[in-house]
Enquirer: 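Encoded as structure tokens, here's the structure I'll be asking about.
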Amino acid sequence: MLDLKFVRNNPDVVKDALKKRNANISLEPFLKLDEQWRQKLAEAEKLKNKRNVVSEEIGRLKKAGRLAEDLVLEMREVSAAIKDMDDEIRLLEQKIQLTLLEIPNLPDQSVPVGLDENDNVEVRRWGEPRQFGFEPKPHWDIGEALDIIDFERGSKVTGARFTFYKGAGAALERAVINFMLDTHTREHGYVEVLPPFMVNSNSMIGTGQLPKFAEDMFKIENTDYYLIPTAEVPVTNLYHGEILEAENLPIYHCAYSACFRAEAGAAGRDTRGLIRQHQFNKVELVKFTRPEESYKELEKLTANAEKILQLLGLPYRVVTLSTGDLGFSSAKTYDIEVWLPSYNAYKEISSCSNFVDFQARRANIRFREGKSKPRFVHTLNGSGLAVGRTVAAILENYQTENGTVKIPEPLQPYMGGKTEIN
RNA sequence: GGAGAGAUGGCCGAGUAGGUCGAAGGCGGUCGCCUGCUAAGCGAUUAUACGGGCUAAAACUCGUAUCAAGGGUUCGAAUCCCUUUCUCUCCGCCA
């Protein structure tokens, strides 16, 4: 959420940002509502002041043993008027709030202006895509042939885009999760959190999934709970409504969770394999920082995620998302894309974003430095990494001509010393 | 699921026969004094949000709101009533 006062005082800056994002939102209704609201508020507050002053007077008179019927009668009417005005004001506030909640974040100056993902800018590459001496197979064929991934039974038991991992497949998934968590906690200084996999709507508003993107999520019937689309939601909201100690910043958390996405509007995309599932595993990195440090921390967070791919020996590239491809809450995002032979392309495996104070304002997460007023922290997060896609990348990049898969060295201790899936 | 108790400021904790309570006291924080240094001590100060005024912006100032959340009674609610949420204790159930 943007600062109400900022939008009021800098409508042109906001309009310009919306244009860069190709967001079709007009600010005019908002500005008009804000004007109305402030006027009504001033009127109501004047009346409330009168009521307070006179009520005090009534108390004084009664104590002195005098009656004050005329004043009581007058105040009865004033109170009724106040009630009506408060109703109007509340209605205006709700409208303003809703508008504000649906305005996306302002892109950072350094974000390339563009229409869509085609305008994303490559920042760097690591590793060389392997030259196969044979026709490489896609991971869904490898997984089925080795009997370690079962797509068909996933569909039978639940539905499309749900999958069973089996035997060495399940073990590999678990190994990747543990390897990532251990690396981030031991090497990169993150404190592990194991969050709830459901959150209430307030938390979803805090990180920006609601009110705009309700159709992307699974809601639990007859409750206010949603399945989390990412651990970002519970972990960022960990400090919802809190004032943090400045000396404790930055706070680094990493978290494993299952992630649930309705994938509304993704029909026909990535229909085969592990790439686009309704449920997948992810290790998430979340940071709370001082405003001055957030962009430096974004670089570090991205590097932490890249490190996993380097250790696993998976080629990747990093791109800066253009204004047209930037997520709703983000001010700047780097996508890390891993090389997938089946796609003959780099495919997103991590998204590292700086939300600046956008989420912090929604979730009311602040910090206090000495005696100064509380300020909003900056929040960041990134996948460190998407586990299913990592497993897919391992299967494809480490496949052998005879259909087996070599296990990357760092994962072998997590697989009981096993070096190959066959 | 049943019965009961509770929710007050950064923290702890007073305050309920409604009235000057944004809220005693303590802790913590900040500033000053004192002390060879540290500790201790003394004094002062210390909520947040929003709106208006004044500003380049602050500071400042005026006002409003906030004692879990929402509603009600009343001229007036931290205090009374209702609903919801959460916490704790006991019982039941359960991995």
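Within every chain, numbering begins at 1; the chains are lettered A, B, ... in the order of the sequence lines, protein sequences first and strands thereafter.
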Enquirer: What integer distance in Å separates A:Arg90:CZ from B:U64:P?
Expert: 18 Å
Enquirer: Looking at A:Lys83 and A:Asp86, is any side-chain nitrogen of the basic one under 4.0 Å from a carboxylate oxygen of the acidic one?
Expert: no
Enquirer: For B:U84 versus B:U20, give the span between their P atoms, rounded off to a whole number of Å.
Expert: 32 Å
Enquirer: By nearest nucleotide on RNA chain B, pick out whichever of A:Met75 and A:Asp3 is the more 5' one.
Expert: A:Asp3
Enquirer: Thinking salt bridges, do A:Lys40 and A:Asp84 make one under a 4.0 Å N-O criterion?
Expert: no
Enquirer: Nearest whole angstrom, please: distance from the P of B:G10 to the OH of A:Tyr239.
Expert: 18 Å
Enquirer: Out of B:A47, B:G63, B:G51, which has the shortest distance to the side chain of A:Asn49?
Expert: B:G63
Enquirer: Could you check whether any side-chain heavy atom of A:Ser155 comes within less than 4.5 Å of a side-chain heavy atom of A:Phe162, counting everything from C-beta outward?
Expert: no
Enquirer: Compute both the distance and the angle, then confirm whether A:Lys406 meets the cation-pi test with A:Tyr398: under 6.0 Å from the six-membered ring centre, within 45 degrees of the axis.
Expert: no
Enquirer: Run the salt-bridge test on A:Glu263 and A:Arg161 with the 4.0 Å N-O cut-off and return the result as yes or no.
Expert: no
Enquirer: How far, in whole Å, is B:U79 from B:C42 if one measures between their C1' atoms?
Expert: 37 Å
Enquirer: Taking atom P in both B:G76 and B:G18, compute the distance separating them and give it to the nearest angstrom.
Expert: 15 Å
Enquirer: For the pair A:Asp16 and A:Lys20, find out whether any cationic side-chain nitrogen is under 4.0 Å from an anionic carboxylate oxygen.
Expert: yes
Enquirer: Strictly below 4.0 Å, N to O, side chains only: are A:Lys50 and A:Glu45 in salt-bridge contact?
Expert: no
Enquirer: Between the base of B:G63 and the side chain of A:Glu45, is there any donor-acceptor pair under 3.5 Å?
Expert: yes
Enquirer: Verify whether the ring centers belonging to A:His378 and A:Phe358 lie closer than 6.0 Å.
Expert: no
Enquirer: Can you tell me, in whole Å, how much space there is between the C1' of B:A78 and that of B:G13?
Expert: 15 Å
Enquirer: Is any side-chain N of the basic residue among A:Glu284 and A:Lys282 closer than 4.0 Å to the acidic one's carboxylate O?
Expert: yes
Enquirer: Expressed as a whole number of Å, how far does the C1' atom of B:A44 sit from that of B:A49?
Expert: 27 Å
Enquirer: In this structure, how many angstroms lie between the P atom of B:C11 and the CD1 atom of A:Ile243, rounded?
Expert: 8 Å
Enquirer: By nearest nucleotide on RNA chain B, pick out whichever of A:Lys63 and A:Glu245 is the more 5' one.
Expert: A:Glu245
Enquirer: Would you say a side-chain N or O of A:Ser79 is under 4.0 Å from OP1 or OP2 of B:U74?
Expert: no
Enquirer: Answer with base, sugar-phosphate or nothing: what part of the nucleic acid does A:Lys46 contact at a heavy-atom distance below 4.0 Å?
Expert: nothing
Enquirer: Could you list the protein-to-nucleotides 52-60 of chain B atom pairs, N/O on both sides, closer than 3.5 Å?
Expert:
| unit_1 | atom_1 | unit_2 | atom_2 | d |
| --- | --- | --- | --- | --- |
| B:G52 | OP1 | A:Arg38 | NH1 | 3.0 |

Enquirer: Is there a side-chain polar atom (N or O) of A:Arg51 under 4.0 Å from OP1 or OP2 of B:A77?
Expert: no
Enquirer: Scan A:Leu41 against the nucleic acid and name what it touches under 4.0 Å (heavy atoms): base, sugar-phosphate only, or nothing.
Expert: sugar-phosphate
Enquirer: Rounded to whole Å, please give me the gap between CE in A:Met85 and C1' in B:G51.
Expert: 13 Å
Enquirer: Roughly, in whole Å, what's the span from CD in A:Gln36 to P in B:G51?
Expert: 16 Å
Enquirer: What distance, rounded to whole Å, do you find between the two C1' atoms, one in B:G22 and one in B:G15?
Expert: 14 Å
Enquirer: Once you round to the nearest 0.5 Å, how far does CG of A:Leu249 lie from CZ of A:Phe367?
Expert: 6.5 Å
Enquirer: Could you give the CZ-to-C1' distance, from A:Arg368 to B:A47, as a whole number of Å?
Expert: 8 Å
Enquirer: Classify the nucleic acid contact of A:Lys5 as base, sugar-phosphate or nothing, counting any heavy atom under 4.0 Å across all strands shown.
Expert: sugar-phosphate
Enquirer: Touch check for A:Lys83, heavy atoms < 4.0 angstrom, all strands: base, sugar-phosphate only, or nothing?
Expert: sugar-phosphate
Enquirer: Can you check the distance between B:C12 and B:G53, where both ends of the measurement are the C1' atom (answer in whole Å)?
Expert: 39 Å
Enquirer: Are A:Tyr226 and A:Phe218 near enough that their ring centres are under 6.0 Å apart?
Expert: no
Enquirer: To the nearest Å, give me how far apart CD1 (A:Ile365) and P (B:U48) are.
Expert: 18 Å
Enquirer: NZ of A:Lys50 versus P of B:G63: gap in Å, rounded?
Expert: 17 Å
Enquirer: Is A:Asn52 near enough to B:U64 that one of its side-chain N or O atoms lies under 4.0 angstrom from OP1 or OP2?
Expert: yes
Enquirer: For the P atoms, the ones on B:C21 and on B:U73, what distance do you get once it is rounded to whole angstrom?
Expert: 26 Å
Enquirer: Wobble G-U and Watson-Crick pairs count when both distances are under 3.5 Å; given that, what is the 5' to 3' dot-bracket string of RNA chain B, with | for pairing to other strands?
Expert: ((((((((.[[[..)...(.....]]]((((((.......))))))(((((((......))))))).[[[[[..)....]]]]])))))))....
